[in-house]
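Reading through the structure tokens given below for one structure.
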Amino acid sequence: MPTLSRHESVFVLRFSEPEDPADAPDNAFSPEFLDSLDAALAEVEASEGPAALVTTGAGKFYSTGLDLSVVASDPAGLPAYVSRAQRLFARVLRLELPTVAAVNGHAFGAGAMLALSHDHRVMRADRGFWNLPEAQLGMPFPPGMNALITTRLSHSVASTAMLSSKRYPAADAVEAGIVHESAEADSVLDRAVAVAAEMASLRGANYAGIRAGLVAGVLPHLDEPITQL
């Protein structure tokens, strides 16, 4: 389950923290995982003073997004489940503090979209893909997810990523503008924390308002409950 720690002005939200990185889970969005993220974000929101947030996984996974076991076990509940994932993206986009994704490994589907919800993205250089597999899986992009991807990425990159399910390693992701920079495996988190620390003093309503303007067309779609997929 996710854990939250604070290092001076930077909160670090780890999706998992196994003793052996080889045992790291894929950080799929189980209901319990989402509950833990909500609780951690509430703690961040309740804090005071300059601050920024870094999120990261462990081992070879950042997050694989939607939990396919949940999808398969409750088809009727799928719209509500995807709606909840979209509300997570909206919550990150509304935080009154800078956010940095330390993409330590694979970021697939909704996990890739969670990374896109951050203000700055650092991706591991030697291993891992950013990928939207929905076309290959026969899954649609509801309006909120569509708006997030097409707002955060250029039209050509968004259309390629969405229609072809192309896998982007770090070098390609940087070139495409999906992430801002790459770093070696043992320095991804350190680099993300350094970026976050530089931005922590910007925390406040003005920062959140500037971001809200950038994603003004996204938030209403993320907030709207999905009724059918």
Side-chain angles (χ1 to χ4, degrees), residues 2 13-16 21-22 24-30 33-34 37 54-72 78 81-82 84-86 88-89 92-93 99-185 188-189 191-192 218 222 229:
L13 177 53
R14 297 176 183 268
F15 298 153
S16 58
D26 60 9
N27 304 320
F29 290 6
S30 69
F33 183 86
L34 293 173
L37 289 187
V54 171
T55 67
T56 193
K60 64 180 182 179
F61 294 107
Y62 177 75
S63 173
T64 56
L66 298 183
D67 188 330
L68 297 183
S69 66
V70 174
V71 173
L78 185 57
Y81 174 55
V82 177
R84 186 176 184 190
Q86 291 196 153
L88 171 63
F89 307 151
V92 173
L93 289 169
T99 56
V100 182
V103 186
N104 59 287
H106 299 311
F108 293 153
M113 296 176 220
L114 177 57
L116 284 184
S117 302
H118 292 64
D119 302 323
H120 191 91
R121 297 171 289 281
V122 183
M123 187 172 178
R124 177 175 171 173
D126 67 312
R127 184 177 184 180
F129 296 105
W130 185 95
N131 171 245
L132 300 175
E134 280 77 3
Q136 289 184 338
L137 296 175
M139 298 175 66
F141 290 95
M145 291 181 173
N146 181 83
L148 174 65
I149 297 163
T150 57
T151 297
R152 296 303 243 186
L153 304 178
S154 70
H155 178 76
S156 61
V157 171
S159 61
T160 297
M162 295 169 76
L163 292 172
S164 73
S165 296
K166 176 179 176 178
R167 293 190 171 200
Y168 290 83
D172 292 350
V174 171
E175 183 177 2
I178 296 168
V179 300
H180 296 81
E181 56 184 298
S182 63
E184 295 305 313
V188 172
L189 181 57
R191 175 57 188 159
V218 177
L222 291 174
L229 287 169

* Asked: Is it true that the side chains of N27 and S16 contain a donor and an acceptor less than 3.5 Å apart?
  -> yes
Donor-acceptor pair, [X] side chain versus [Y] backbone, under 3.5 Å?
X: D67; Y: A28; result: no
X: D119; Y: T99; result: yes
X: S164; Y: A161; result: no

* Structure fact -> Residues at least two apart in sequence or cross-chain that pass side chain to side chain contact (heavy atoms under 4.5 Å, CB included) with A185, listed by chain then number, are R124, D126
At what distance, to the nearest 0.5 angstrom, does [atom1] of [X] lie from [atom2] of [Y]?
X: L37; Y: L114; atom1: CG; atom2: CG; answer: 7.5 Å
X: N104; Y: T55; atom1: CG; atom2: OG1; answer: 9.0 Å
X: S117; Y: Q86; atom1: OG; atom2: CD; answer: 10.0 Å
X: Q136; Y: R167; atom1: CD; atom2: CZ; answer: 7.5 Å

Does any part of the side chain of [Y], heavy atoms only, come nearer than 4.5 Å to the side chain of [X], both counted from C-beta?
X: V188; Y: T56; value: no
X: M162; Y: N146; value: yes
X: L222; Y: L93; value: yes
X: F89; Y: V218; value: no
X: L153; Y: I178; value: yes
X: F29; Y: Y81; value: yes
X: D172; Y: W130; value: no
X: F129; Y: K166; value: no

* Asked: Can you check side chain to side chain contact (heavy atoms under 4.5 Å, CB included) on M145 and L132, steps first, answer last?
  -> CA-CA 11 Å; M145 291 181 173; L132 300 175; over 6 Å; no
Which atom pair, heavy atoms only, marks the closest approach of [X] to [Y]?
X: M113; Y: L148; answer: O-CD2, 3.5 Å
X: A170; Y: V179; answer: O-CG2, 4.5 Å
X: Y62; Y: A101; answer: OH-CB, 3.8 Å
X: V103; Y: A115; answer: CG2-CB, 4.2 Å
X: E134; Y: S165; answer: N-OG, 4.1 Å
X: A110; Y: G65; answer: CB-CA, 3.8 Å

* Qualifying residues under ring pair (Phe, Tyr, Trp, His ring centres under 6.0 Å), relative to F61, sequence neighbours excluded -> H106
* Asked: Mind checking what makes ring pair (Phe, Tyr, Trp, His ring centres under 6.0 Å) contact with H118, not counting sequence neighbours?
  -> none
* Any chance you could lay out the side chain to side chain contact (heavy atoms under 4.5 Å, CB included) test for V122 and V54, step after step, and finish with the verdict? => CA-CA 10 Å; V122 183; V54 171; over 6 Å; no
